[in-house]
Every structure is written in C-alpha cells, then in structure tokens.
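To start, the structure under review is shown below, and the notes come after it.
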Amino acid sequence: MLYSIMITPMVLIVLIFFLKKETKIQTTHLYKYSELSKTMSIFLLTFISLGTFSLFSSLFFFSFILQIQYRKSSPSMDHGPPSYPVIGCLISFNKNRRRLLDWYTDLLSKSPTQTIVVHRLGARRIVVTANPANVEYMLKTNFNNFPKGTPFTDILGDLLGYGIFNVDGELWFTQRKLASHEFSTKSLRELVFKTLEEEVDCRLIPLLEEAAERNEILDLQEILRRFAFETICKVSLGIDPCCLDLHCPVLPLVKAFDIASEISAMRSMAPVFWFWKIKRALNVGSEKKLKEAVRLVHGFVAEIIRNKRRILEEARENKRESSTDLLSRLLQAGHVDEEVTRDMVISFIMAGRDTTSSAMTWLFWLLSKYPNQKQLIVNEVNSVLANINGGSETEKPLDFETLKEMKFVKACLCESMRLYPPVAWDSKHALEDDTFPDGTPIGKGDRVTYFPYGMGRMEELWGTDRFEFKPDRWFDEQPDGKLKTDISPYKFPVFQAGPRVCLGKEMAFIEMSYAVARILRRFEIWPVCEDRPIFVPLLTGHMAGGLKVMVRKSNV
C-alpha cells in the first residue's frame, strides 16, 4: 500500500511527459489540452478509487484508456502497427507474436514505400524496410552511418563476443581483412571439397541408405544440421565431432550452441526490450541457462585453440606440414589474441552450421511440393557429370568446375532462400540523423532493419507469382540459358551486401550444391506430414518441429 502511494506521483509524471511527447510525434494534429486533461483525470479518479492497485495494474489500466483515445483520434503516419504512449505497439505485438514475420510483411506490403516505423516499450524507434533503395543506402552508400551498434552487439555479445559478426570499426576491419584473405585461398577450397567428399559420400549417404532400407522416419533438418556442423568444424577447427553417427549421443557443445543461439535471438524479439537485462543481472531463468551454455562453448573452443597452438609449434619444430583449417591459418598469420580468435571461430561455426542447413531443409521441402523441379535438378546433374569419351560413358568427378555448370541447382537454392532466407532480418543502428532514399527520416540511435523474408514476398519486387517456387525467375530465358546477373544483392540480400557481404558465400553454395546433387541423384525424399511447416526466425530461420521424412532409393 505504502509502495503504491510513494510510486504513484512518479508514475504520473513520467506518463504525462511521454504522453505529451508522443502526441507531438504520432498525430497529424496536437491534442487539445482538455483532451489530455480528460484522459489523465479518468486515470487519476480510477486509481484513487481503487487505492490499492499495484504499479503494473495501474499502468495496464492507463494503457487501456490510451488505446481507446488513440484509436479514435490518432491515424498512423508511419504505416507501422498501432502505437500508444509509453507502451508503444505492445498490444499489437503481443497479438501477433506467433506470426511476426507475416505481420511485418503485411504491414510493409501496405506501405507505399515498403517501409514502416515500429515503437516498442523500452526501446528506440525501429525502422523496418523492404525497399531495395533503402537497403543499398544502409549497407553501401552510407555504410559508415549504419554500424551494428551497441544495442545489437549487447544482444549477441555474451555468445559472439568480439567476433567479426558482432563488432564495428577498426576491430571489424582488421578481422575482415584477415578472413577475406583466408577465404580466397585455393588450399581452403581444396579442404572444403575434401571435407565434403568425406562427409557426404562416406557418412551422409550411408546414413540415408540405412534409413531407406529400414523404412525409418528421419528428421532431415536435424540430419542436415549435424552434417553442416561436422563440415564447418573440420574446415574451421580441424576437428571431427562425429555428429552424423546417430548411435552416439550428441556432443554437449552442440546442445550448448543450440541453447545459446536460441536465447540470444529471443532477446531481440522480446516485446519489452530491457526485460532480458534484468534477468541477466539477477542471473535467473533463460539468462542463467544462456550463461551456462556460453561458458561451455567458450571453454570448448578455447581448449581447441590451446591444443592447436601446441600442435602448430610441434609441427614447426619438427618441420612437418601444418594443417590447412581456418584456425591454423589464423594462428599462423600471427593472430595471437586468444579471446578474439575464439570469438572469430565461434562466429564462423555459427554461420556455417545454421545457415546452410536451413537453406537445404527448406529446399527439400519445396521440392517435395514441386516434383517437376526436383526432376530438372536430377536431369541437370546427370547431364553435367556424364562423360562420353570414345563411345564409352564414364562419370566426371563432382568438383568445383562441374558444380559451376549446375546452374539450375543454384537457381533452386536461390529461389528457396528468397522464400525462406536463413536470416529473416538484420539490423543496424544510426550514428547520426539521416534520411532514407524513400524519404523516411532516421533519428540518431534509431534501429534500422532490412527484412529479407518480407522482401521475398513483395509484389513490387517479384511480381504476382511471388509466393510460388519458380527457379526459372533466376534465368534470362529458359533453364538451359544463363543465370541472371542483374538481380541486385540489395533486392536479394540473403548474404548481406556492400562491405559486409558474406565472405563464405561461395563456400556455402559449394557445400549446398554438392550435398543436394549427391542426395537427389540417389534418393526420393517425402515429408510424412502434409501441413505447411512453420518458419521460426531465431538467429537463423529454422522449421518448427523439424522436417520428418521418409527416404527411398531413387529408380533413376
């Protein structure tokens, strides 16, 4: 009781301040003072009459009154969700919390500029755009004014630390320069192909054959995640976690990665932005789980780095050839800061595991709905690998050159990622006041978000057939023609664009194309459930509940 009496005056002062401020921003005309007084009077009388209301009960009632007032007299000028003083769009956000992606997409499609403004409780103003001109402006034209920013790096800081995906400025530039050189080397590409041969031909294919023979149901999403995790661990760390052996328990590291990435992602999606910070300070709930998972991930990777240093030192002393994995290359290049090296490697693992497995999972589901497109992939792979020499037919190896010829495979991957991008949205924060090309004002500190999921569903960008899976849209004419080269990366920003464009883009296409080509030549894959899967946007998008499938050997 005493607490309510003491806190009420402060609450009223704050509410009056925000109400006056918000009404200036959110309406085309200023409320008359009498209207403001009427609203506050209603709140005061109600609060006094109920006396013992708690602070949160009072806030809830006040928000309800404001909702009625604003619904009558405050038309939206920013094409975003309905917003009210203090609570922002909390009401509509909560109402649409299970369909955030489609909700944002609907709002953007109705906006004449494909840009909306979102006001959230406890957070800065958010500008969300599906306009390619705006995307190019923030990712390239005025790149320096749109870093990731402290609010974003705080969200992922516990897990990714000072890794390349979570830093700005000189630290980002230094890591980018070092990683760019390593990703462009021929020896790394050779390591990738060697790893894929081992993983796909010797582990993934036998696993699928066994499932086909036993008529077992597999979670293809989980299998592909294990495959991608093994691949990136071998390429990045030079270790083999043996995840594709389904008879062995999953490594604690894998579970810790899952927990840490999911909780980190949920921080950014919380309706009340600062709530996770309170939980972290108190070390309770999900934040306690995150802390434990991060400790395990960091400790595991740090131990690998120490062992790798020792191995490299022994190889140098004995004049043996060193490993060619990314970690060995970073250490040999003189990257001695163990914490930054650890964070870089964690970033590579996170990106390499979840993005490729997500893209392939959705592609296999789409191909089950469009079997003709699946057959076109098989036909192309067979045609490319056929080697007729002197009347006898042999098979070419599946290498870098043959993969480059598989244009329809790449088109299918692009079309899958257009509809279900591995990263549904990405955010930056404005350093200074700015204005987007479409005229949207940007305030200093505003969060600006480009939205690949929504962009793939904009009629203005992809036409009336935007919801259909049509790989042909990626060709100039027919599937036997050339892939289009004029599709802007700012219209299709699934690998980002500009200075921060994904360094692993080529490696990702190699891995996905290799696995898809090998699997589809050997197997028929059919989901056991006919319902449309739900796309869940965490740090990377995945399929809720996995993709349960039956596997049969192909007759082709």
Side-chain angles (χ1 to χ4, degrees), residues 160 163-165 172-204 224 227-241 243 301 304-305 307-309 311-313 315-316 320-337 340-357 359-360 397-406 409-410 413 422 494-496 499-518:
L160 299 184
I164 188 171
F165 299 146
W172 167 79
F173 180 79
T174 301
Q175 292 185 53
R176 174 82 183 190
K177 184 177 180 181
L178 179 62
S180 179
H181 171 72
E182 299 303 336
F183 270 91
S184 62
T185 59
K186 181 181 178 182
S187 55
L188 181 63
R189 184 190 299 165
E190 291 172 348
L191 174 62
V192 169
F193 270 100
K194 178 184 176 183
T195 302
L196 288 174
E197 288 174 357
E198 295 172 353
E199 290 299 312
V200 177
D201 300 341
C202 301
R203 293 186 178 180
L204 184 56
L224 292 174
F227 157 68
F229 187 73
E230 277 198 9
T231 301
I232 197 62
C233 279
K234 285 185 174 182
V235 172
S236 294
L237 299 175
I239 65 168
D240 183 359
C243 294
V301 175
I304 290 173
I305 292 172
N307 289 338
K308 184 68 68 174
R309 288 188 190 279
I311 292 170
L312 290 174
E313 184 62 31
R316 191 162 39 247
R320 295 196 309 267
E321 188 175 343
S322 301
S323 302
T324 56
D325 58 86
L326 270 173
L327 176 57
S328 296
R329 291 171 172 278
L330 291 174
L331 295 176
Q332 288 171 325
H335 210 70
V336 295
D337 188 301
V340 174
T341 302
R342 179 201 69 194
D343 295 341
M344 283 185 71
V345 170
I346 290 173
S347 293
F348 291 148
I349 294 173
M350 182 74 65
R353 180 187 75 153
D354 293 336
T355 52
T356 55
S357 61
M360 287 190 289
L398 188 56
D399 56 19
F400 182 69
E401 295 303 321
T402 51
L403 281 180
K404 284 199 302 184
E405 296 181 48
M406 296 181 186
V409 174
K410 185 173 183 179
L413 286 165
V494 297
F495 291 99
Q496 285 215 52
R500 276 191 181 265
V501 66
C502 177
L503 289 172
K505 178 179 178 180
E506 181 186 46
M507 178 177 162
F509 272 117
I510 288 174
E511 179 182 342
M512 293 187 294
S513 298
Y514 190 101
V516 168
R518 282 286 195 235

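Side-chain atoms are counted along with the backbone in the values below, which use heavy atoms only and exclude waters and symmetry mates.
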Report the residues that fulfil side chain to side chain contact (heavy atoms under 4.5 Å, CB included) with Pro499, sequence neighbours left out, ordered by chain and then residue number. Phe143, Trp172

Residue list, salt bridge (charged side-chain N to carboxylate O under 4.0 Å, His left out) with Glu405, at least two apart or on another chain: none

Between CG on residue Leu327 and SG on residue Cys233, distance to nearest 0.5 Å: 11.5 Å

Please report the shortest heavy-atom distance between Leu331 and Ile305, naming the atom on each side. CD1-O, 4.3 Å

Working to the nearest 0.5 angstrom, can you tell me the gap between Leu196 CG and Arg518 CZ? 10.0 Å

To the nearest 0.5 Å, tell me how far Arg189 CZ sits from Met507 CE. 12.5 Å

Which residue is it: Asp399, Asp201, Thr402? I am looking for the one with a side chain to side chain donor-acceptor pair (under 3.5 Å) to Tyr514. Asp201

Ala517 meets the side chain to side chain contact (heavy atoms under 4.5 Å, CB included) criterion, sequence neighbours left out, with Val381, Leu398, Met406

Write down the atom of Ala228, the atom of Gly352, and the distance for their closest heavy-atom approach. CB-O, 3.9 Å

Only counting residues at least two apart or in another chain, list the ones meeting side chain to side chain contact (heavy atoms under 4.5 Å, CB included) with Thr195. Leu191, Glu199, Thr231, Lys234, Val235

List in chain and number order the residues that pass ring-ring contact (aromatic ring centres under 6.0 Å, His included) with Phe495, two or more places apart in sequence or in another chain; answer none if no residue qualifies. Phe509

Tell me the closest heavy-atom pair linking Leu160 and Ser347, and the distance in Å. CD2-OG, 4.1 Å

For Lys404, salt bridge (charged side-chain N to carboxylate O under 4.0 Å, His left out) partners two or more places apart: Glu401

Residues passing the side chain to side chain donor-acceptor pair (under 3.5 Å) test with Asp240, sequence neighbours excluded, are Arg203

Got a donor-acceptor contact below 3.5 angstrom from the Ser513 side chain to the Ile510 backbone? no

Within this structure, what is the CG-CG distance for the pair Leu204 and Leu224, rounded to the nearest 0.5 Å? 7.0 Å

By the salt bridge (charged side-chain N to carboxylate O under 4.0 Å, His left out) test, which pairs, at least two apart or in different chains, include something from residues 174-188? Glu182-Arg329

Which heavy atom in Ile232 sits nearest to a heavy atom in Phe348, and how many Å separate them? CG1-O, 3.7 Å

Please enumerate all residues that pass ring-ring contact (aromatic ring centres under 6.0 Å, His included) together with Phe227, with sequence neighbours excluded. none

Can you name the nearest heavy-atom pair linking Leu503 to Ala179, along with the distance? CD1-CB, 3.7 Å

Can you name the salt bridge (charged side-chain N to carboxylate O under 4.0 Å, His left out) partners of Lys308, sequence neighbours left out? Asp325

Can you measure from OG (Ser236) to CE (Met344) and round to the nearest 0.5 angstrom? 10.0 Å

Between Lys194 and Glu197, is a salt bridge (Lys or Arg N to Asp or Glu O under 4.0 Å) present by the stated rule, with each step listed? CA-CA 5 Å; Lys194 178 184 176 183; Glu197 288 174 357; over 6 Å; no

So, taking the atom named OG1 in Thr341 and the one named CD in Gln175, what distance separates them when rounded to the nearest 0.5 Å? 8.5 Å

Once side chain to side chain contact (heavy atoms under 4.5 Å, CB included) is applied, do any residues pair with Ile311, and if so which ones, sequence neighbours excluded? none

List for me each residue that meets salt bridge (charged side-chain N to carboxylate O under 4.0 Å, His left out) alongside Asp354, sequence neighbours excluded, and say none if there are none. Arg225

